[in-house]
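For clarity, every value in this text was computed on a predicted model and none was experimentally measured. We're numbering straight along the sequence, starting at 1. Note that ligands are numbered from 1 as they come in the structure, with each ligand's atoms numbered from 1 the same way.
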Amino acid sequence: MGAFTLYATILLLHLLGAILWTGGHLVLTLSILPAALKNKDPQPLLDFESRFEKLAMTALAVQVTTGMMLARHYLPNPALWFAEAQPFSAIIKTKLLLLLLTLLTALSARFRVLPQLVAEASCHTRDKTNSHLLYTMAGHIVVVTLLAMAFVITGLSVRTGWLYQH
Ligand code: HEM
């Protein structure tokens, strides 16, 4: 396989992962979440999360792996990814910052908020704590979705020059 075909294949995988990660979170935010908030019922949200979790984790792993490979296509020496003299390093630094923020929010949702929401849902109590937790979870979901869109815009700026001028 020639160098260009390899690059194109990696870019295709990166785009498929982006579609899955960002698209899944948009469906969650725009379709599943409003219904859960309206009915004050976390169950549809929990069902979606448990079905989407494996796919989403696979997509994120693909994004990190292919993202690093694409970064090496532009700057083969990773030490240069952080060098101020390289305009392209703004893209990499932004992507890595978005990744850190995404991981922190996702871990907080998965290990702090979600277990409490599952416990509450199984008690069938619809008190104040329940809706407070539901809004905490909603906040996490919206943040991860906005970060996903920021990932897409940052990635696109390689072509558009928004973050980095050629
Ligand atoms: C969920 C996470 C991510 C999403 C949704 C995402 C999305 C995208 C999108 C839509 C593009 C535009 C591709 C194009 O213009 O053809 C892109 C490009 C790129 N992304 Fe990501 N990305 C993610 C994570 C990462 C990570 C972790 C890195 C590693 C630092 C990374 C590095 C890159 C690079 C270097 C490009 C430029 C590729 C090119 O146009 O040749 N991405 N990304």
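Counting atoms of ligand 1 from 1 in the listed order, those under 4.0 Å from a heavy atom of Ala71 are 35 (C). For ligand 1, the atoms closer than 4.0 angstrom to any heavy atom of Ala18 are 5 (C), 7 (C). Set against the non-hydrogen atoms of Tyr7, the atoms of ligand 1 under 4.0 Å away are 39 (C), 40 (O), 41 (O). Proximity to Thr22 (heavy-atom distance under 4.0 Å) selects the following atoms of ligand 1: 5 (C). In summary, the atoms of ligand 1 found under 4.0 Å from a heavy atom of Trp21, numbered by their order in the structure, are 1 (C). Every atom of ligand 1 is numbered from 1 in the order shown, and the set under 4.0 Å from a heavy atom of Leu156 is 12 (C), 15 (O). For ligand 1, the atoms closer than 4.0 angstrom to any heavy atom of Leu15 are 10 (C), 13 (C).
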- Message: Test side chain to side chain contact (heavy atoms under 4.5 Å, CB included) on His140 and Thr136; report intermediate values, then the result.
- Response: CA-CA 6 Å; His140 282 69; Thr136 309; 3.8 Å; yes
- Task: Any chance you could lay out the side chain to side chain contact (heavy atoms under 4.5 Å, CB included) test for Lys95 and Trp81, step after step, and finish with the verdict?
- Result: CA-CA 11 Å; Lys95 285 258 176 175; Trp81 293 359; over 6 Å; no
- Query: What's the verdict on side chain to side chain contact (heavy atoms under 4.5 Å, CB included) for Tyr74 and Ile91, showing C-alpha distance, side-chain angles and the deciding distance?
  - Reply: CA-CA 11 Å; Tyr74 290 94; Ile91 304 268; over 6 Å; no
- Would Ser89 and Leu80 satisfy side chain to side chain contact (heavy atoms under 4.5 Å, CB included), going step by step from the backbone distance to the final call? CA-CA 7 Å; Ser89 75; Leu80 292 179; over 6 Å; no
- Message: I'd like to know whether Arg110 forms a salt bridge (Lys or Arg N to Asp or Glu O under 4.0 Å) with Glu49, so could you lay out the CA-CA distance, the side-chain angles of the two residues, the decisive distance to 0.1 Å, and finally the verdict.
- Response: CA-CA 10 Å; Arg110 178 65 183 80; Glu49 291 278 348; over 6 Å; no
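Annotation: Met149, atom CE; neighbour count of heavy atoms from other residues, nucleotides and ligands within 6.0 Å does not exceed 12.
Panel note: side chain Gln116, backbone Arg112; a donor-acceptor pair is recorded below 3.5 Å. Using a distance-only test at 3.5 Å, with no hydrogens or angles considered, no donor-acceptor pair links the side chain of Ser108 to the main chain of Leu104.
Protein heavy atom at the shortest distance from atom 30 (C) of ligand 1 is Lys95 CB, 3.9 Å. Gly155 CA, 3.5 Å is the protein heavy atom nearest to atom 18 (C) of ligand 1. Looking at atom 38 (C) of ligand 1, its nearest protein heavy atom turns out to be Leu70 CD1, 3.8 Å. Closest protein heavy atom to atom 28 (C) of ligand 1: Gly67 CA, 3.5 Å. Remark: minimum distance from atom 14 (C) of ligand 1 to any protein heavy atom is reached at Arg159 NE, 3.1 Å. The single protein non-hydrogen atom nearest to atom 37 (C) of ligand 1 is Val158 CG2, 3.6 Å, given as residue, atom name and distance. In this structure, the protein non-hydrogen atom closest to atom 39 (C) of ligand 1 is Tyr74 OH, 3.1 Å.
No continuous path of hydrophobic side-chain contacts links Leu146 to Val152 [ILVMFWY only; heavy atoms under 4.5 Å].
For His14, a nitrogen or oxygen atom sits less than 3.5 Å from a nitrogen or oxygen atom of ligand 1, counting backbone and side chain alike.
No part of Thr102 comes within 4.0 Å of ligand 1, judged by heavy-atom distances. Looking at Leu98 against ligand 1, nothing comes within 4.0 Å, counting heavy atoms.
Aromatic ring orientation, Phe52 versus His25: perpendicular (interplanar angle above 60°, classes split at 30° and 60°).
Shown here for Ala121 and Gln43, the closest heavy-atom pair between the two residues is CB-OE1, 4.0 Å.
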